[in-house]
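Below is one structure, written out as structure tokens; comments come after it.
We count residues from 1, following the sequence as given.
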Amino acid sequence: MAVAVKDVEPGQAHVAYLDDSAPTTIDVNAPIPLGHKVALRAVAAGDDVTEYGLRVAIASADISKGDYVHTHNVRSARWHNSVA
């Protein structure tokens with residue numbers, strides 16, 4: 001996952017990493033608000049969602065590369081057993 005450092009509109013977007021990885025571009029499928037996540041790779045429902053190398057959520061639906069990642073398609077890893 002990547003965190004948007006500004007509002008991102010659908011279409012091509014540039015991605016820069018915090019490590020030595022080369023910058024790249026991805027096709028964004030939906031508007032991504034500042035501070036929210038976009039998928040850098042496909043994630044199957046039930047798979048872990050990581051951010052900064054840490055497991056933060058579990059995909060509650062299939063997520064395609066470039067999708068907006070938020071409460072509609074993930075569930076918190078911390079509270080994944082909660083029924084609330």
Kindly work out whether a path of hydrophobic side-chain contacts (I/L/V/M/F/W/Y, heavy atoms less than 4.5 Å apart) joins Val15 to Met1.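 Looking at the clustering, Met1 is in a separate group from Val15.
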His14: which residues meet the ring-ring contact (aromatic ring centres under 6.0 Å, His included) condition with it, sequence neighbours left out?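 Here no residue qualifies.
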For [X] versus [Y], what's the shortest heavy-atom pair and its separation?
| X | Y | value |
| --- | --- | --- |
| Ala39 | Ser64 | CB-O, 3.5 Å |
| Val43 | Ala59 | CG1-CB, 3.8 Å |
| Ala13 | Val28 | CB-CG2, 3.6 Å |
| Ala4 | Pro33 | CB-O, 3.7 Å |
| Asp7 | Leu34 | OD1-N, 2.8 Å |

May I ask you to decide if Lys65's main-chain N or O and Asn29's side chain share a donor-acceptor pair within less than 3.5 Å?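 Yes; judged by distance alone, with no hydrogens or angles, the pair exists.
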Between Thr50 (side chain) and Arg55 (backbone), is there a donor-acceptor pair under 3.5 Å?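 A pair under 3.5 Å: no.
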If you define the side chain from C-beta out and look only at heavy atoms, does anything of Val38 sit under 4.5 Å from Ile26?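 Answer yes - side chains close enough.
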What I'd like to find out is whether the side chain of Val74 reaches to under 4.5 Å of the side chain of Ile63, using heavy atoms alone.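 The answer is yes, as the side chains (C-beta and beyond) meet within the 4.5 Å cut-off.
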If I take atom CG from residue Asp67 and atom CD1 from residue Ile32, how far apart are they, to the nearest 0.5 angstrom?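 One gets 8.0 Å once the value is rounded to the nearest 0.5 Å.
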Under the criterion side-chain contact (heavy atoms from CB on, under 4.5 Å), I'd like the reasoning laid out for Ile58 against Asp48: C-alpha separation, chi angles, the key distance, then a yes or no. CA-CA 5 Å; Ile58 299 165; Asp48 288 344; 4.2 Å; yes
Which residues pass the side chain to side chain contact (heavy atoms under 4.5 Å, CB included) test with His70, sequence neighbours left out?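 With sequence neighbours excluded, His70 shows a side chain to side chain contact (heavy atoms under 4.5 Å, CB included) to His36, Tyr68, His72, given in chain and number order.
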